[in-house]
Asker: 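Mind having a look at this structure? Questions to follow.
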Amino acid sequence: MLNHEYFMRQALAEAKKACDKGEVPVGAVIVNHDRIIARAHNLTETLNDVTAHAEMQAVTAAANVMGGKYLTDCTLYVTVEPCVMCAGALRWAQISRLVYGAPDEKYGFSLFSPPVLHPKTAVTPGVLADECAALMKAFFEKRR
């Protein structure tokens, strides 16, 4: 069985792709039975779409692979804590587990509505948090 750190490194690779495109560096992967079924990163600038967060892109891709809208038995790995919009989508998708890296101290769902996730969704915060946070910090320092 592969571990959380392995899959978070895959999400970090997606975040770096976003950074290379000038997007906020958030990456995500969705795993089903130790197999990555979706990879995504932020595309809000590329698509000119405020909803094109990494998590939303990953959920759509994973639903296509799974053949339905529910992602039970799936885990989302994302480099930064999801916002309320993304957490709401995860609720509707009934994702089994959310694993995130860095907390989002401005927009993270846990600041506004921790119960927005599905009641059966297990949450594991802080996986490779320092690396995830460092990527975000470096991105925003370059923009200033």
Side-chain angles (χ1 to χ4, degrees), residues 2 4-32 35-144:
L2 299 172
H4 291 324
E5 187 174 307
Y6 171 82
F7 291 118
M8 188 59 73
R9 291 208 183 281
Q10 299 300 307
L12 270 165
E14 287 296 317
K16 289 173 184 168
K17 289 179 188 177
C19 191
D20 291 345
K21 294 178 180 178
E23 298 277 358
V24 174
V26 177
V29 297
I30 295 183
V31 175
N32 177 257
R35 184 174 69 95
I36 295 173
I37 61 168
R39 296 174 181 270
H41 53 270
N42 271 2
L43 291 171
T44 59
E45 300 299 326
T46 302
L47 299 177
N48 196 31
D49 179 355
V50 297
T51 68
H53 291 192
E55 301 94 324
M56 302 294 272
Q57 301 298 308
V59 164
T60 299
N64 287 330
V65 169
M66 296 295 286
K69 62 185 177 182
Y70 297 118
L71 300 178
T72 53
D73 298 324
C74 292
T75 300
L76 168 69
Y77 290 85
V78 62
T79 56
V80 178
E81 177 185 0
C83 69
V84 173
M85 173 185 70
C86 292
L90 296 173
R91 178 189 186 92
W92 289 111
Q94 297 181 15
I95 196 113
S96 294
R97 178 176 292 276
L98 164 64
V99 179
Y100 66 87
D104 185 336
E105 297 170 0
K106 288 185 180 180
Y107 305 110
F109 79 93
S110 65
L111 296 172
F112 300 102
S113 184
V116 72
L117 291 174
H118 192 278
K120 292 183 180 177
T121 299
V123 178
T124 304
V127 175
L128 300 179
D130 291 343
E131 288 181 50
C132 295
L135 186 59
M136 291 287 281
K137 184 177 179 184
F139 174 81
F140 284 109
E141 283 177 353
K142 285 181 187 175
R143 293 187 63 156
R144 291 186 183 126

Asker: Within this structure, what is the CG-CZ distance for the pair L76 and R97, rounded to the nearest 0.5 Å?
Answerer: 12.0 Å

Asker: Can you find a heavy atom in the side chain of L135 that is under 4.5 Å from one in the side chain of T79?
Answerer: no

Asker: Which pair of heavy atoms, one from V84 and one from F109, lies closest together, and at what distance?
Answerer: CG2-CA, 3.9 Å

Asker: So, taking the atom named NE2 in H53 and the one named OH in Y107, what distance separates them when rounded to the nearest 0.5 Å?
Answerer: 10.5 Å

Asker: Would you say that V99 contacts T75 through its side chain, given a criterion of any heavy-atom pair below 4.5 Å between the two side chains?
Answerer: yes

Asker: Verify the neighbour count for atom CZ of F112: are there more than 12 heavy atoms of other residues, nucleotides or ligands below 6.0 Å?
Answerer: yes

Asker: Got D49 and L43 here, is their nearest side-chain heavy-atom distance under 4.5 Å?
Answerer: no

Asker: Looking at CG of N32 and SG of C74, how far apart are the two atoms once the value is rounded to the nearest 0.5 Å?
Answerer: 4.0 Å

Asker: Hey, does the side chain of N42 reach the backbone of A18 with a donor-acceptor pair shorter than 3.5 angstrom?
Answerer: no

Asker: Does the side chain of M8 reach to within under 4.5 Å of the side chain of V29, using non-hydrogen atoms?
Answerer: no

Asker: Which heavy atom in E55 sits nearest to a heavy atom in P82, and how many Å separate them?
Answerer: OE2-CA, 3.3 Å

Asker: Considering non-hydrogen atoms only, spot the tightest contact between Y100 and P103 and give its length.
Answerer: CE1-CA, 4.1 Å

Asker: What's the separation between atom CZ in R9 and atom SG in C132, rounded to the nearest 0.5 Å?
Answerer: 9.0 Å

Asker: Hey, does C86 have a side-chain heavy atom less than 4.5 Å from the side chain of M56?
Answerer: yes

Asker: Would you give the length of the straight line joining atom CD of E23 to atom OG1 of T46, rounded to the nearest 0.5 angstrom?
Answerer: 4.0 Å

Asker: For Y77, run the side-chain hydrogen bond (donor to acceptor under 3.5 Å, both in side chains) check against Q10, H4, E14 and tell me which one passes.
Answerer: H4

Asker: Do you know which two heavy atoms are closest between A40 and A58, and how far apart they sit?
Answerer: CB-N, 3.5 Å

Asker: Heavy atoms only: give me the nearest I30-L71 pair and the separation to one decimal.
Answerer: CD1-CD1, 4.0 Å

Asker: Any heavy-atom pair between the side chains of V26 and M136 that's under 4.5 Å?
Answerer: yes

Asker: Take atom CG of D20 as the centre, draw a 6.0 Å sphere, and report whether it contains more than 12 heavy atoms from other residues, nucleotides or ligands.
Answerer: yes

Asker: Does the side chain of K21 come within less than 4.5 Å of H41's, by heavy atoms?
Answerer: yes

Asker: Mark yes or no for whether E81, through its side chain, and D104, through its backbone, hold a donor-acceptor pair below 3.5 Å.
Answerer: yes

Asker: Between C19 and P25, which heavy-atom pair has the shortest distance, and what is it?
Answerer: CB-CB, 3.9 Å

Asker: Is the shortest heavy-atom distance from the side chain of L90 to the side chain of T121 under 4.5 Å?
Answerer: no

Asker: Hey, does the side chain of H118 reach the backbone of P115 with a donor-acceptor pair shorter than 3.5 angstrom?
Answerer: no

Asker: What distance separates I36 CD1 from Y6 OH, expressed to the nearest 0.5 Å?
Answerer: 5.0 Å

